[in-house]
Number of protein chains: 2
Amino acid sequence: MEYIDDGEINLLINGHLHFLKNVSVDNVIFGYHEKELKVLLQRPQGIVKWQLPGGYIKRTETLNEAALRVATERTGLDKLFLQQFRSFGTPHRTFDADFTPELMTKLSGLQISADHWMFDYFVSVCFYTLTEFSLVIPNGSFYMEECQWWPIGELPQMTFDHREMVEEALKALRLHIYHYPVGYELLPEKFTRPEIHALYETILGKSLDSRNFGKKLITTGIIKELGEQKSIGAHRSPKLYKFDKEAYDNALKEMMVLV
Amino acid sequence: MEYIDDGEINLLINGHLHFLKNVSVDNVIFGYHEKELKVLLQRPQGIVKWQLPGGYIKRTETLNEAALRVATERTGLDKLFLQQFRSFGTPHRTFDADFTPELMTKLSGLQISADHWMFDYFVSVCFYTLTEFSLVIPNGSFYMEECQWWPIGELPQMTFDHREMVEEALKALRLHIYHYPVGYELLPEKFTRPEIHALYETILGKSLDSRNFGKKLITTGIIKELGEQKSIGAHRSPKLYKFDKEAYDNALKEMMVLV
DNA sequence: TTATCATTGTGTAAATATTACAGAATGATA
DNA sequence: TATCATTCTGTAATATTTACACAATGATAA
């Protein structure tokens with residue numbers, strides 16, 4: 001009782017009235033900062049495993065709206081670009097020895113049994129999104145004890161099939177980066193070549209020749225030089241670039257290979 | 001009453017006990033035959049609109065099993081390779097002026113109202129599949145009056161958001177064909193070069209130079225010459241080829257561009 | 001002030017891949 | 001045996017991708 005607020009109590013008791021049954025959304029929120037790719041995870045009260053920020057779908061909202069609502073709750077950001085990548089559905093995917101009706105009973109003070117709607121077979125529609133690490137203030141809530149970034153190479157133990165979701169999201173992101181200007185969602189409006197270069201290397205997890213990389217992005221027209229320079233603390237002032245909307249749309253249509 | 005069998009009556013009355021609520025699967029079944037790409041659609045009793053073969057998910061089966069069960073019912077084939085491509089979810093996506101509780105009441109003889117579980121908000125997880133047109137015997141069933149192939153360029157009026165689903169499936173297929181040996185699922189084990197050539201031209205909806213096309217598939221190792229010849233009725237006996245499993249897997253991993 | 005050093009920025013040649021293009025060989029049929 | 005639809009193949013021009021290294025900048029330290 002002490003851990004859980006009214007909203008959460010209400011969700012447990014009346015959730016099935018306001019939310020769809022047997023379907024939920026989960027978000028793989030990638031954060032990028034200083035050449036590292038991280039994932040935002042939360043840890044429920046009372047267990048040592050972590051999970052993706054996810055939630056139920058209101059009867060009045062679309063899949064995307066539901067996913068965005070959940071992501072906004074955890075990140076404070078409301079302009080995230082969410083990309084659906086797969087739905088997961090196997091009968092026992094949300095059965096976990098650590099996340100039990102007993103635990104929920106203890107935490108909520110309510111009598112939660114194994115046939116409570118929350119422990120039913122849920123199909124999860126999954127989205128991923130990218131954001132600048134430093135913009136986010138991870139918010140726990142309800143019965144979530146912690147919410148924090150984890151480097152993709154050092155994921156903790158996770159509930160359900162959430163680790164597979166992260167792996168699949170990363171695969172999808174790496175496939176998409178070849179066809180869409182993914183950095184558009186992630187970099188500030190004006191950015192330098194070393195910045196976008198480091199971003200691509202981090203996402204793909206491999207090094208890319210800096211001369212060839214820049215050449216390709218410029219000859220395809222995806223990025224354009226602004227003629228301005230950034231004054232950064234150390235060393236030289238690099239030139240600033242921006243994404244070109246028109247070339248971006250064109251690349252999307254033509255299924256161009258961008259890297 | 002007269003149109004509907006016991007299974008269907010039972011589905012209407014007890015379906016919510018055996019199936020997940022608020023989630024369903026829909027299949028875009030592409031059939032290929034003689035340089036034409038078609039989609040398998042069915043038409044319910046009493047309305048003029050067509051729809052995709054779809055269905056509900058049993059509490060004991062996975063998403064894929066559900067989709068395969070539905071596809072098998074309509075095609076008689078049980079070896080289909082189903083590819084999930086997107087889930088659709090907006091609150092009113094299955095509201096259609098032509099497909100009403102009144103119609104279902106009339107057809108079933110039961111009292112079906114707007115709050116019947118079947119008319120609830122359903123999130124649909126969509127799959128596409130490819131099959132050799134001539135292997136399929138389209139089966140109607142339950143309250144489906146017709147089940148037949150429609151050329152992708154001449155789709156009839158369709159219920160709900162099913163036309164969008166077909167369009168999205170086709171986009172996904174055309175994207176996938178650049179990275180996966182899609183024909184693997186569609187062509188017989190041994191096939192000729194003109195056969196695979198025509199298949200790719202049909203799926204992509206554009207012509208491909210026959211010399212360059214063959215060269216690419218052979219230099220990438222995706223297809224291999226068998227050293228056998230096919231005896232076909234007219235004219236020459238073309239050489240037979242087969243897909244190479246190893247090169248196929250490699251292409252998948254490397255995200256190679258195959259066409 | 002000058003030397004050092006991390007960072008930024010740039011060009012070319014070789015290799016590879018893609019494209020464009022046409023006609024000869026086969027074997028069934030008339 | 002002439003005709004015809006179909007199968008099959010090579011090369012040159014062009015475009016793209018890859019590999020590769022050093023000079024310029026300007027902050028910092030000596």
Side-chain angles (χ1 to χ4, degrees), chain A residues 33-35 177-179 181 183 187-188 190-202 204 206-242 247 250-251 254-259, chain B residues 33-35 177-179 181 183 187-188 190-202 204 206-242 247 250-251 254-259:
Chain A
H33 190 62
E34 291 186 353
K35 305 197 181 177
I177 206 177
Y178 284 103
H179 294 282
L187 292 168
K190 299 173 181 183
F191 51 86
T192 68
R193 255 160 76 164
E195 280 171 353
I196 190 172
H197 183 210
L199 169 65
Y200 273 67
E201 285 192 334
T202 305
L204 289 172
K206 65 184 183 190
S207 62
L208 303 164
D209 183 276
S210 63
R211 280 160 294 189
N212 297 335
F213 177 78
K215 218 185 311 178
K216 178 104 189 213
L217 286 180
I218 288 173
T219 54
T220 54
I222 292 295
I223 68 172
K224 289 229 156 44
E225 200 176 317
L226 280 168
E228 304 170 44
Q229 294 202 316
K230 194 176 179 181
S231 263
I232 43 179
H235 316 298
R236 173 126 183 242
S237 307
K239 292 179 192 165
L240 289 171
Y241 294 81
K242 69 173 179 67
N250 193 48
E254 299 285 327
M255 300 198 284
M256 271 166 48
V257 176
L258 301 181
V259 186
Chain B
H33 190 62
E34 291 186 354
K35 305 195 182 181
I177 205 177
Y178 283 104
H179 294 284
L187 292 168
K190 299 173 181 186
F191 52 86
T192 69
R193 255 158 79 162
E195 279 170 353
I196 190 171
H197 183 210
L199 169 65
Y200 273 67
E201 285 192 333
T202 307
L204 288 171
K206 64 183 183 191
S207 63
L208 304 164
D209 183 277
S210 63
R211 279 161 294 189
N212 298 335
F213 176 79
K215 218 185 311 178
K216 179 103 188 211
L217 286 179
I218 287 173
T219 55
T220 54
I222 292 297
I223 67 171
K224 290 229 157 37
E225 201 177 317
L226 280 168
E228 303 170 44
Q229 294 203 317
K230 193 175 178 180
S231 262
I232 43 180
H235 315 298
R236 170 121 184 247
S237 307
K239 292 180 192 162
L240 288 172
Y241 294 81
K242 68 175 181 65
N250 193 48
E254 300 283 328
M255 300 198 284
M256 271 167 48
V257 176
L258 301 181
V259 186

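So that the names make sense, note that chain A is the first sequence line, chain B the second, and so on, each numbered from 1.
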Kindly indicate whether the side chain of K215(A), heavy atoms from C-beta on, has any atom under 4.5 Å from the side chain of T220(A).
-> no

Separation of R193(A) atom CZ from dG9(C) atom P, in whole Å?
-> 7 Å

Whole Å only: how far is the CD1 atom of I218(B) from the P atom of dA17(C)?
-> 16 Å

Tell me whether the OP1 or OP2 atom of dT18(C) has a side-chain N or O from K216(B) closer than 4.0 Å.
-> yes

Side-chain contact test, heavy atoms from C-beta onward, threshold under 4.5 Å: evaluate it for Y200(A) versus L208(A) and give yes or no.
-> yes

OP1 or OP2 of dT10(C) under 4.0 Å from side-chain N/O of K239(A) = yes

note: D209(B), atom CG; dC8(D), atom C1'; distance rounded to Å ~ 12 Å

Rounded to whole angstrom units, what separation is found between the CZ atom of F213(B) and the P atom of dT7(D)?
-> 14 Å

When you match S210(A) and S210(B) each to their closest nucleotide on DNA chain C, which lands nearer the 5' end?
-> S210(A)

If dT11(D) has a Watson-Crick or G-U wobble mate with both distances under 3.5 Å, name it; if not, just say none.
-> dA20(C)

Let me know the distance between CG of L217(B) and P of dT18(C), rounded to the nearest Å.
-> 12 Å

Is L199(A) close to F191(A) at the side-chain level, that is, under 4.5 Å between some pair of heavy atoms?
-> no

Do the side chains of L204(A) and Y178(A) get nearer than 4.5 Å, heavy atoms only?
-> yes

F191(A) CZ to dT8(C) P: how many Å, rounded?
-> 15 Å

Is the shortest heavy-atom distance from the side chain of E228(B) to the side chain of K190(B) under 4.5 Å?
-> yes

Residue closer to the 5' end of DNA chain D, P194(B) versus R211(B) (nearest nucleotide) | P194(B)

Could you state the CD1-P distance from I196(B) to dC8(D), rounded to the nearest angstrom?
-> 13 Å

Donor-acceptor pair present, K215(B) side chain and dT19(C) base, under 3.5 Å = yes

Between C1' of dT17(D) and OH of Y178(A), the distance in whole Å = 14 Å

